[in-house]
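All remarks here apply to the structure that follows.
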Amino acid sequence: MPSTDSTGPSHTATPTAAALAAAPTAAASSSAPPTADRPIRTQARQAVERAWACAIAEGRLPPLPEDADTPTVDIERPAKPEHGDLSTNLAMKLARPYRRAPLEIARVLADELAREAAEAFNGPLTTPLATAEAVAPGFINLRLSDGALRATIDRILSDPGSWGRVSVPHPQRINVEFVSANPTGPLHIGNARGAFVGDLLCRVLEAAGHTVTREYYFNDFGAQVRNLGASVWALATGKPVPEDGYHGAYVADLARELPAEVRAAAEAATATGEDLAWAVGAWASERVRAGIEASLEHLGVHFDAWKTEGSLHREGWVERAIEKLRAAGHVYEEDGATWFRSTAFGDDKDRVIRKSNGDYTYFASDIGYVEEKFSRGFDHLIYIWGADHHGTVARVRNAAQAMGHDPARVEMILVAWVRFIRDGREISMSKRSGEFITLDELLAEVGVDAARWFFASRAYTSGIDFDIELAKKQSNENPVYYVQYAHARIASILRKAAEAGLSPADSVGGILAGAPEAALARALVRLPEVVEDAAAAEETQGVTAFATDLATTLHAFYRDARVIDRAEPERSRARLALVLATKTTLANALGLLGISAPESM
RNA sequence: GCGCCCGUAGCUCAGUGGAUAGAGCAACUGACUUCGGAUCAGUAGGUCGGGGGUUCGAAUCCCUCCGGGCGCGCCA
């Protein structure tokens with residue numbers, strides 16, 4: 001089925017990638033001051049770095065000793081509001097190499113920061129900071145200036161589409177392979193977590209400036225396909241499914257839908273002694289594969305490339321990879337089989353590439369696939385695997401290294417298992433027996449948005465119990481609706497305002513001096529750094545936490561500040577601008593997770 | 001036996017070197033003649049599995065023990 005091997009670059013130009021490419025231009029043409037181009041936390045870090053350099057230049061701090069490592073400047077988000085909007089522990093890190101008290105160093109740095117802030121107050125805005133305060137045991141607590149907040153929010157208003165997208169210093173072309181379930185039956189709930197985790201990771205990487213290809217890999221020629229064909233053929237000819245065949249209801253559906261030409265081909269194969277199970281299986285597995293693709297699209301997961309194991313052999317990737325390993329001296333023959341010397345790279349045993357009966361192992365395909373992927377120009381390969389595959393991580397990375405690739409560019413993300421529970425009992429999952437709940441059935445019960453939020457808010461390393469009845473019951477209590485409600489509430493306010501003849505201003509102007517406004521502004525400007533952190537950690541819990549926090553802050557603002565007020569149209573229009581920026585931020589955060597942002601609920 | 005992952009509030013989970021460990025749900029007490037009550041304000045709930053160590057500072061790093069999951073194939 002060559003049509004499924006569409007690994008060409010034509011599918012990589014996703015809307016997201018296009019938006020990324022357009023982002024710098026749009027930002028440059030906006031009227032916002034230049035400081036709004038960078039995340040506000042980045043601006044703060046650069047201010048601290050400047051203060052440190054100035055202190056050294058002025059002799060108030062010594063240069064770092066030659067033998068000391070240069071510490072990185074980390075900007076943190078204090079837990080307590082009285083500790084400021086941001087803080088840094090740089091002075092405590094410098095205490096040891098400088099052999100001076102951390103608080104003393106902190107005072108010097110805070111002094112430099114305060115001086116720059118005072119100069120900025122009278123001249124062009126170069127620092128996002130209003131104040132810097134040194135406190136025991138050596139923290140420097142920073143407070144953002146209204147001007148910096150205003151510049152950032154006005155930039156959201158002028159270019160909402162790119163808000164939350166950032167650009168890492170070295171963007172990469174990344175291949176993310178996930179799901180990759182063999183097409184012998186519909187996707188079931190056991191495949192759910194990998195599908196969501198993979199897609200969420202892709203979205204976060206794209207938002208950080210990387211170019212991502214979503215890839216699905218499957219076996220199109222093995223015994224499983226033949227087995228599926230035999231099962232379908234049995235039912236199509238009125239016989240029972242073989243005991244070790246596939247028994248799900250979908251097999252009967254396939255048998256009913258068997259086209260006349262496939263049936264004829266199978267009968268002809270029977271007569272000539274050819275492989276009828278293969279003839280039927282090839283049709284059935286492609287039929288199943290198309291159903292899988294449709295299910296995934298329904299989840300909001302679109303794959304750019306579908307790659308088959310058979311194509312790796314037909315196109316010679318497997319043989320070329322093995323020859324490359326052999327040329328490098330990492331392959332040997334023993335007991336009639338061909339082995340990869342994985343132990344040379346720290347594995348606990350060597351691995352068979354080609355069995356003594358002449359067949360290649362699955363591992364051989366893995367090796368060829370690494371070569372094939374790198375040949376397409378990817379800088380980085382990510383595999384999303386179930387945690388039960390952790391035993392195969394080392395051998396694949398070792399083989400990549402043995403073929404001359406940097407093993408750091410081959411990354412496996414191991415997703416922990418989900419135990420699905422119904423009526424207090426774990427649901428056993430088996431495609432063979434047909435006892436399983438399909439992904440489509442699960443989504444019909446709990447909804448795509450709720451399911452996406454569920455998986456986005458949990459670390460993929462943690463095993464999870466998913467009680468289906470509980471999930472259905474709790475669906476109305478799901479935090480995702482809390483965030484969506486905040487978005488819909490703002491939409492409602494904007495509609496009401498339009499009816500009253502009030503439209504959002506182009507700028508929030510001077511209203512950030514107000515306490516409710518200041519709190520909301522400080523919450524929403526964080527989105528770019530949340531995206532940076534999510535991409536760096538390859539995790540999305542930070543995004544759900546941020547969205548929940550912003551929704552809470554919005555509800556508090558709604559309580560404390562009247563937005564629509566005909567008596568004070570200027571302040572009202574500025575507040576409308578602020579809630580509009582909040583709406584954009586909520587929508588972009590939800591969009592990052594593939595979750596809808598409804599105008600009404 | 002060896003290897004990897006996990007153990008945090010009644011439940012489901014965040015937090016992986018910083019300040020008094022957080023959220024949602026569940027429980028309890030309150031709030032609407034006004035922009036959406038799918039909301040808000042508050043109360044209660046913790047030996048961060050146990051022990052030892054490193055550090056100015058540990059839920060976070062190291063060692064060890066206990067408990068749970070998953071691997072250890074010329075299967076895919």
Side-chain angles (χ1 to χ4, degrees), chain A residues 74 76 78-80 82-83 87-89 92-93 95-96 101-102 135-139 141 180 182 184 218-219 222-224 309 334-339 347-366 386-394 414-417 419 453-454 457-467 470-471 473-474 476-486 488-497 499-500 502 537 539 541-542 544-545 548-549 551-552 554-556 558-566 572 575-576 579 600-601:
Chain A
D74 293 325
E76 299 170 336
K80 289 287 189 180
E82 57 265 35
H83 291 142
S87 72
T88 180
N89 62 356
M92 285 185 280
K93 287 184 174 179
R96 185 183 296 274
V135 297
F139 290 105
N141 293 335
S180 295
N182 277 339
T184 53
F218 63 98
N219 186 317
Q224 293 182 57
E309 187 177 359
E334 190 173 292
D335 300 333
T338 305
W339 298 71
D347 204 349
D348 47 11
K349 60 182 71 169
D350 290 339
R351 306 293 173 176
V352 173
I353 299 172
R354 191 170 197 176
K355 305 182 218 174
S356 51
N357 70 3
D359 289 346
Y360 288 105
T361 62
Y362 189 82
F363 175 50
S365 304
D366 280 340
D388 56 333
H389 283 68
H390 66 77
T392 63
V393 170
L414 300 174
V415 178
W417 257 186
R419 292 199 317 156
W453 185 277
F454 181 85
S457 60
R458 285 152 172 82
Y460 57 74
T461 50
S462 292
I464 291 179
D465 281 357
F466 194 117
D467 187 317
L470 206 59
K473 243 183 288 178
Q474 288 183 347
N476 287 332
E477 314 294 334
N478 193 303
V480 71
Y481 297 114
Y482 178 79
V483 176
Q484 289 180 322
Y485 179 74
R489 188 177 228 181
I490 295 172
S492 173
I493 292 171
L494 291 167
R495 283 193 299 268
K496 274 264 168 34
E499 289 168 15
L502 289 166
E539 292 271 14
Q541 305 93 277
T544 55
T548 304
D549 181 66
T552 297
L554 181 276
H555 289 309
Y558 177 85
R559 182 193 66 226
D560 295 334
R562 178 89 198 173
V563 177
I564 300 172
D565 186 357
R566 281 199 185 85
S572 189
R575 282 180 171 172
L576 283 166
V579 297
S600 64
M601 297 174 68

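All heavy atoms count here, side chains included; hydrogens, waters and symmetry mates do not. A, B, ... follow the sequence lines: proteins, then strands. Residue 1 opens every chain. Treat the numbers as computed from the prediction; the structure is a model and nothing was measured.
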Whom does [N] pair with, Watson-Crick or G-U wobble, provided both distances fall under 3.5 Å?
{"N": "B:G1", "value": "B:C72"}
{"N": "B:U55", "value": "none"}
{"N": "B:G67", "value": "B:C6"}
{"N": "B:C13", "value": "B:G22"}
{"N": "B:C48", "value": "none"}
{"N": "B:G42", "value": "B:C28"}

How far, in whole Å, is [M] from [N] if one measures between their [atom1] atoms?
{"N": "B:G22", "M": "B:C48", "atom1": "C1'", "result": "12 Å"}
{"N": "B:G69", "M": "B:G30", "atom1": "P", "result": "45 Å"}
{"N": "B:A9", "M": "B:U43", "atom1": "C1'", "result": "15 Å"}
{"N": "B:U39", "M": "B:A58", "atom1": "P", "result": "39 Å"}
{"N": "B:U29", "M": "B:A44", "atom1": "C1'", "result": "11 Å"}
{"N": "B:A27", "M": "B:G18", "atom1": "C1'", "result": "34 Å"}
{"N": "B:U12", "M": "B:G51", "atom1": "C1'", "result": "29 Å"}

Review point. Among side-chain atoms of A:Tyr360 and A:Thr338, is any donor-acceptor pair under 3.5 angstrom?
Key: no
Tell me which nucleotide among [options] gets nearest to the side chain of [X].
{"X": "A:His555", "options": "B:A19, B:U39, B:G36", "answer": "B:U39"}
{"X": "A:Tyr362", "options": "B:A76, B:A23, B:C74", "answer": "B:A76"}
{"X": "A:Phe139", "options": "B:C74, B:C35, B:A19", "answer": "B:A19"}
{"X": "A:Thr392", "options": "B:A76, B:U39, B:C74", "answer": "B:A76"}
{"X": "A:Gln541", "options": "B:G15, B:G18, B:A76", "answer": "B:G15"}
{"X": "A:Tyr481", "options": "B:G36, B:A38, B:U20", "answer": "B:A38"}
{"X": "A:Ala459", "options": "B:A38, B:A14, B:U34", "answer": "B:A14"}
{"X": "A:Ser356", "options": "B:G36, B:A19, B:C74", "answer": "B:C74"}
{"X": "A:Ile493", "options": "B:G36, B:A76, B:G15", "answer": "B:G36"}

Review point. Counting heavy atoms not belonging to A:Arg495, are there more than 12 under 6.0 Å from its CZ?
Key: yes
**Study point:** Residue mapping more 5' on RNA chain B - nearest nucleotide basis, A:Gly542 or A:Ala488
**Key:** A:Gly542
Study note, to complete from the structure: The residue, A:Tyr460 or A:Glu334, whose nearest nucleotide of RNA chain B is more 5′ is A:Tyr460
Can you check whether any acceptor in the base of [N] is under 3.5 Å from a donor in the side chain of [X], or vice versa?
{"X": "A:Asn89", "N": "B:G18", "result": "yes"}
{"X": "A:Thr544", "N": "B:A14", "result": "no"}
{"X": "A:Thr461", "N": "B:C6", "result": "no"}
{"X": "A:His390", "N": "B:G3", "result": "yes"}

Select base, sugar-phosphate, or nothing to describe what [X] touches, counting heavy atoms under 4.0 Å on all strands.
{"X": "A:Arg96", "answer": "sugar-phosphate"}
{"X": "A:Asn357", "answer": "nothing"}
{"X": "A:Ser600", "answer": "base"}

Practice item. Verify the stacking flag for A:His83 against B:A19: centroid separation must be under 5.5 angstrom and the ring planes must differ by under 30 degrees. Key: yes
Exercise for review: Could you tell me whether the side-chain ring of A:Tyr482 sits stacked on the base of B:A38, using a centroid cut-off under 5.5 Å and a plane angle under 30°?
Suggested key: no
Point to revise | Length of the line joining A:Leu414:CG and B:C6:P, which is rounded to integer Å | key: 11 Å
**Study point:** Length of the CZ-P vector between A:Arg458 and B:C5, whole Å
**Key:** 22 Å
Review point. Between A:Asp350 and A:Trp339, what is the shortest heavy-atom contact and its length?
Key: O-CZ3, 3.6 Å
Review point. Quick one: does A:Arg351's side chain get under 4.5 Å of A:Thr361's, heavy atoms only?
Key: no
Review point. Side-chain contact, heavy-atom cut-off 4.5 Å: A:Ile464 with A:Arg458?
Key: yes
Review point. Within the structure, does a side-chain N or O atom of A:Ser462 lie under 4.0 Å from either OP1 or OP2 of B:A14?
Key: yes
